Amino acid sequence: MAIVLASVTTFALEGLDSREVTVEVDVRRGLPAFTLVGLPDASVREARERVRSALLNSGLDFPLQRITANLAPTSVRKAGPGFDLAIAVAVLSASGQVPALPPGVTALCGELSLSGALRPVRGVLAAAMGAKAGGYERLIVPEENAGEAALVQGLEVLAVGSLERLVDLMHGRWEPPLPPASVAPAAQSCLPDMADVRGQADAKRALEIAAAGGHHLLMVGPPGAGKTMVARRMPGILPPPSFDEALEITRVHSVAGLGAGVLAAERPFRAPHHTVSPQGLVGGGAHPRPGEVTLAHRGVLFLDELAEFARPALEALRQPLEDGAVEIMRGQRSLRFPAKAMFIAACNPCPCGLGPGRCNCSDGDRQRYQRRLSGPLMDRMDLVCQVAVPTAGQLVGDVPGKGGEPSRAIRARVVAARAIQRARLEDTAALCNGDMDARLTRRFCSIGGGSRKRLVHSIERGGLTGRGHDRVLRLARTIADLDGRDALSECDVEEALGYRVAAAERVAA
């Protein structure tokens with residue numbers, strides 16, 4: 001009895017990482033049947049019909065024999081259509097229609113249409129990184145995914161548009177064109193300018209400090225004061241991502257099925273609606289996908305009307321804000337999603353939002369409203385800024401034709417402060433002051449006797465927790481970096497403490 005066995009390598013997604021999967025195909029005499037094993041989900045089992053139609057519509061033969069395809073290792077759950085191409089090539093190889101791929105050299109990834117055309121799949125960048133780490137020399141992908149896969153240096157990427165072209169390639173009858181070259185992050189596109197904001201000097205100062213050090217910020221003020229307007233101008237003052245940061249951003253968006261398949265040029269800005277679920281905010285699902293806090297990795301997560309978000313969703317943010325990552329447990333496996341995002345939030349001071357002098361809410365109404373934001377969550381905010389309604393003169397403009405400071409001027413100071421932090425933290429895993437842990441905080445944020453007494457007094461009064469103590473020091477370090485000073489002064493610590501007063505009051509409420 002003639003038995004033919006072929007194997008091809010592809011990759012399965014596990015969180016933001018890829019897992020090597022070997023597609024083994026056994027073809028033998030018997031009643032025609034096509035069986036898929038190896039813990040496939042419904043979308044993978046449907047590959048049988050896609051592969052059969054793709055082969056026949058590409059002028060190839062589909063073996064009328066007993067075909068068994070195994071996706072190993074069987075302990076890894078397989079999901080998505082990215083296994084189509086590897087299954088098709090393994091069937092062709094086992095039936096003798098194409099030469100066998102040399103083991104450990106070439107991997108494949110792609111979805112097949114019924115006509116035999118290759119369609120793009122999500123997570124190709126993660127697959128390319130997995131192929132490079134596994135020692136593979138080349139990766140065959142759909143044409144639309146070629147630019148994304150080519151971001152991985154030292155890996156030959158072959159872009160193929162159809163199954164017919166792939167057969168020609170394997171027979172040596174066709175050479176694919178070179179994929180587009182990897183490009184560095186481009187300059188940021190036209191973004192909302194801070195010059196459009198009238199007044200709000202305190203909010204602009206808080207936003208600049210938050211951008212310079214990667215700190216979390218909460219703005220509290222009545223409706224129409226400009227909280228959302230100021231927050232949406234944060235991307236314009238942030239420094240552009242470095243190549244490594246852009247690669248992290250692109251990888252996250254690739255796994256989530258977002259982006260255009262090219263290297264990210266800007267930091268992400270995510271602003272989900274207040275009806276978002278805990279799983280939508282931090283990630284999850286039967287097949288875990290990244291949530292909004294991961295999609296904002298190395299960028300900004302903005303929650304407008306913070307008190308309107310569901311309490312479980314907000315409490316789910318506590319651990320990601322502290323650790324910079326999300327841990328999701330599913331069965332016997334644990335997935336880790338990065339979540340190093342700046343958290344910016346805005347809310348009203350009370351249900352009516354009118355503030356002192358105009359508010360008609362009762363004390364009970366205000367207390368219930370403030371209790372929607374738990375003390376542990378508020379303790380993770382580095383800055384709390386009170387935003388007042390601009391005056392009539394500020395809104396109309398006292399000086400015709402004269403606006404506020406433009407974003408490019410603020411951004412220049414932020415970029416300079418970030419450069420100082422990168423040089424200081426060069427031998428660490430932190431990229432900015434907001435990334436520092438307790439050990440690095442004590443190493444780089446030493447203060448004098450007067451500032452130390454002030455901090456001790458704040459802790460003894462109960463207005464500052466141990467976590468808040470470290471956050472004040474990191475905030476003071478950023479304020480000094482914006483001024484270009486190596487040593488922290490008492491003024492830096494006092495300003496940093498000033499941004500914690502509102503937070504302490506809300507924690508105590």
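We use all heavy atoms of the structure for the numbers below, so side chains are in, but hydrogens, waters and symmetry mates are not. Bear in mind that the values here come from a model prediction, so they are computed numbers and not experimental data.
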Result for side chain to side chain contact (heavy atoms under 4.5 Å, CB included) between Arg77 and one of Val44, Leu39, Leu71 points to Leu39
*Under the side-chain contact (heavy atoms from CB on, under 4.5 Å) criterion, do Arg28 and Arg66 qualify, and how do the steps go?*
CA-CA 5 Å; Arg28 64 177 66 207; Arg66 185 173 183 81; 4.2 Å; yes
Ile67 vs Val25, side-chain contact (heavy atoms from CB on, under 4.5 Å): CA-CA, chis, key distance, verdict: CA-CA 7 Å; Ile67 304 172; Val25 170; 3.9 Å; yes
Residue set satisfying ring-ring contact (aromatic ring centres under 6.0 Å, His included) with Phe444, at least two apart, ordered chain then number -> none
Keeping the roles fixed (side chain from Asp323, backbone from Ala325), state whether a donor-acceptor pair exists under 3.5 Å. no
Sequence neighbours excluded, the answer for side chain to side chain contact (heavy atoms under 4.5 Å, CB included) partners of Thr428 is Leu425, Ala430, Leu440, Arg443
message = Between His297 and Pro268 (side chain of the first, backbone of the second, donor and acceptor by atom type, cut-off under 3.5 Å), is there such a pair?
response = no
Any side-chain heavy atom of Arg251 within less than 4.5 Å of one from Asp17? yes
inquiry  = Quick one: does any side-chain atom of Arg289 pair with a main-chain N or O of Ala256 as donor and acceptor, under 3.5 Å?
reply    = yes
- Between the main-chain N or O of Pro338 and the side-chain N or O of Thr294, is there a donor-acceptor pair closer than 3.5 Å? yes
**OP:** Answer yes or no: are there more than 12 heavy-atom neighbours, outside Arg233 itself, under 6.0 Å from its atom CZ?
**Re:** yes
- Check whether any side-chain N or O of Glu245 sits under 3.5 Å from a backbone N or O of Arg267 as a donor-acceptor pair, and report yes or no. no
Taken in chain and number order and not counting sequence neighbours, the residues that satisfy ring-ring contact (aromatic ring centres under 6.0 Å, His included) with Phe62 are Phe34
Exercise for review: Would you please test Arg311 and Glu315 for salt bridge (charged side-chain N to carboxylate O under 4.0 Å, His left out) and show each step?
Suggested key: CA-CA 6 Å; Arg311 182 69 176 264; Glu315 295 307 301; 3.3 Å; yes
Minimal heavy-atom distance between Pro239 and Val414, with the atoms involved, is CD-CG1, 3.6 Å
Rounded to the nearest 0.5 Å, the OG atom of Ser93 sits from the CG atom of Leu5 at a distance of 9.5 Å
- Query: Do other residues, nucleotides or ligands put more than 12 heavy atoms under 6.0 Å from the CZ atom of Arg408?
  - Reply: no
Note to self: Just by distance, no angles: are the side chains of Glu148 and Thr250 close enough, under 3.5 Å, to form a donor-acceptor pair?
What the structure shows: no
For Glu46, the salt bridge (charged side-chain N to carboxylate O under 4.0 Å, His left out) test, sequence neighbours excluded, returns Arg50
Practice problem: Please say whether more than 12 non-hydrogen atoms of neighbouring residues, nucleotides or ligands are located less than 6.0 Å from CZ in Arg318. | Solution: yes
- Message: Quick one, Phe302 and Thr228 - any side-chain contact, counting heavy atoms below 4.5 Å?
- Response: yes
Validation: residues 118-134 side-chain donor-acceptor distances under 3.5 Å, sequence neighbours left out:
from	atom 1	to	atom 2	distance (Å)
Arg122	NH1	Val255	O	2.6
Lys132	NZ	Gln153	O	2.9

The side chain to side chain donor-acceptor pair (under 3.5 Å) partners of Glu24 (sequence neighbours excluded) come to Asn70
Note to self: Within the structure provided, determine whether Arg372 and Phe309 are in side-chain contact (heavy-atom separation under 4.5 Å).
What the structure shows: no
Rounded to the nearest 0.5 angstrom, the CG-CZ distance for Leu238 and Arg418 is 6.5 Å
On a heavy-atom basis, the closest approach of Leu295 and His253 is O-NE2, 3.3 Å
Tightest non-hydrogen contact, residues Val326 and Ala339, listed as CG2-CB, 4.0 Å
### Task
Measure the shortest side-chain to side-chain distance between Leu217 and Ile209 over non-hydrogen atoms and say whether it is less than 4.5 angstrom.
no
For residues 6-15, the side-chain hydrogen bond (donor to acceptor under 3.5 Å, both in side chains) pairs (sequence neighbours left out) are Thr9-Tyr136
Taken in chain and number order and not counting sequence neighbours, the residues that satisfy side chain to side chain contact (heavy atoms under 4.5 Å, CB included) with Arg474 are His215, Met436, Thr441, Asp470, Arg471
When rounded to the nearest 0.5 Å, the distance separating CG of Leu335 from CD1 of Ile328 is 6.5 Å
Value for CZ (Phe83) from CZ (Arg45), rounded to nearest 0.5 Å, stands at 13.0 Å
All heavy atoms of Phe243 vs all of Leu151, minimum pair found to be CZ-O, 4.3 Å
Could you please spell out the steps behind the salt bridge (charged side-chain N to carboxylate O under 4.0 Å, His left out) verdict for Asp435 and Arg298? CA-CA 11 Å; Asp435 291 342; Arg298 299 300 179 192; 3.6 Å; yes
Open item on the list: When you measure from the side chain of Ser407 to the backbone of Met194, do you find a donor-acceptor pair of N or O atoms at a distance under 3.5 Å?
Closed with: yes
d(Cys385 SG, Met219 CE) to nearest 0.5 Å is 7.5 Å
Go through it in stages, so that I can follow the logic: the residues are Lys340 and Glu248, the test is salt bridge (charged side-chain N to carboxylate O under 4.0 Å, His left out), and I'd like the CA-CA distance, side-chain angles, deciding distance and then a yes or no.
CA-CA 11 Å; Lys340 288 189 177 297; Glu248 292 180 39; over 6 Å; no
What one should report as the nearest heavy-atom pair of Leu55 and Asp61 is CD2-O, 3.7 Å
Practice prompt. Compare all side-chain heavy atoms of Phe269 with those of Ile344 and state whether any distance is below 4.5 angstrom.
Written response: no
To the nearest 0.5 Å, atom CD of Glu308 lies from atom CG of Leu314 at 10.5 Å
Taking the side chain as everything from C-beta on, heavy atoms only, tell me whether Glu305 gets closer than 4.5 Å to Pro223. no
Residue set satisfying side chain to side chain donor-acceptor pair (under 3.5 Å) with Glu208, at least two apart, ordered chain then number -> Arg413
Original post:
Under the 3.5 angstrom rule, does the side chain of Asn433 hit a backbone N or O of Gly213 as a donor-acceptor pair?
Top reply: no
Exercise. For Gly110, does its backbone N or O pair with a side-chain atom of Asp84 as donor and acceptor, under 3.5 Å?
Worked result: no
Distance-only check: which donor-acceptor pairs under 3.5 Å involve side-chain atoms of residues 158-168, not counting sequence neighbours?
from	atom 1	to	atom 2	distance (Å)
Ser162	OG	Arg165	N	3.2
Asp168	OD1	Arg173	NE	3.3
Asp168	OD1	Arg173	NH2	2.8

Beyond-backbone contact of Val293 with Phe343, side-chain heavy atoms, under 4.5 angstrom: no
With sequence neighbours left out, the residues meeting side chain to side chain donor-acceptor pair (under 3.5 Å) with Asp244 are none
Of all heavy-atom pairs linking Phe337 and Pro288, the shortest is CZ-O, 3.9 Å
Item to check | Pairwise side-chain contact, Val8 with Leu101, heavy-atom cut-off 4.5 Å (strictly under) | outcome: yes
Salt bridge (charged side-chain N to carboxylate O under 4.0 Å, His left out) filter on Glu292, not counting sequence neighbours, yields Arg270
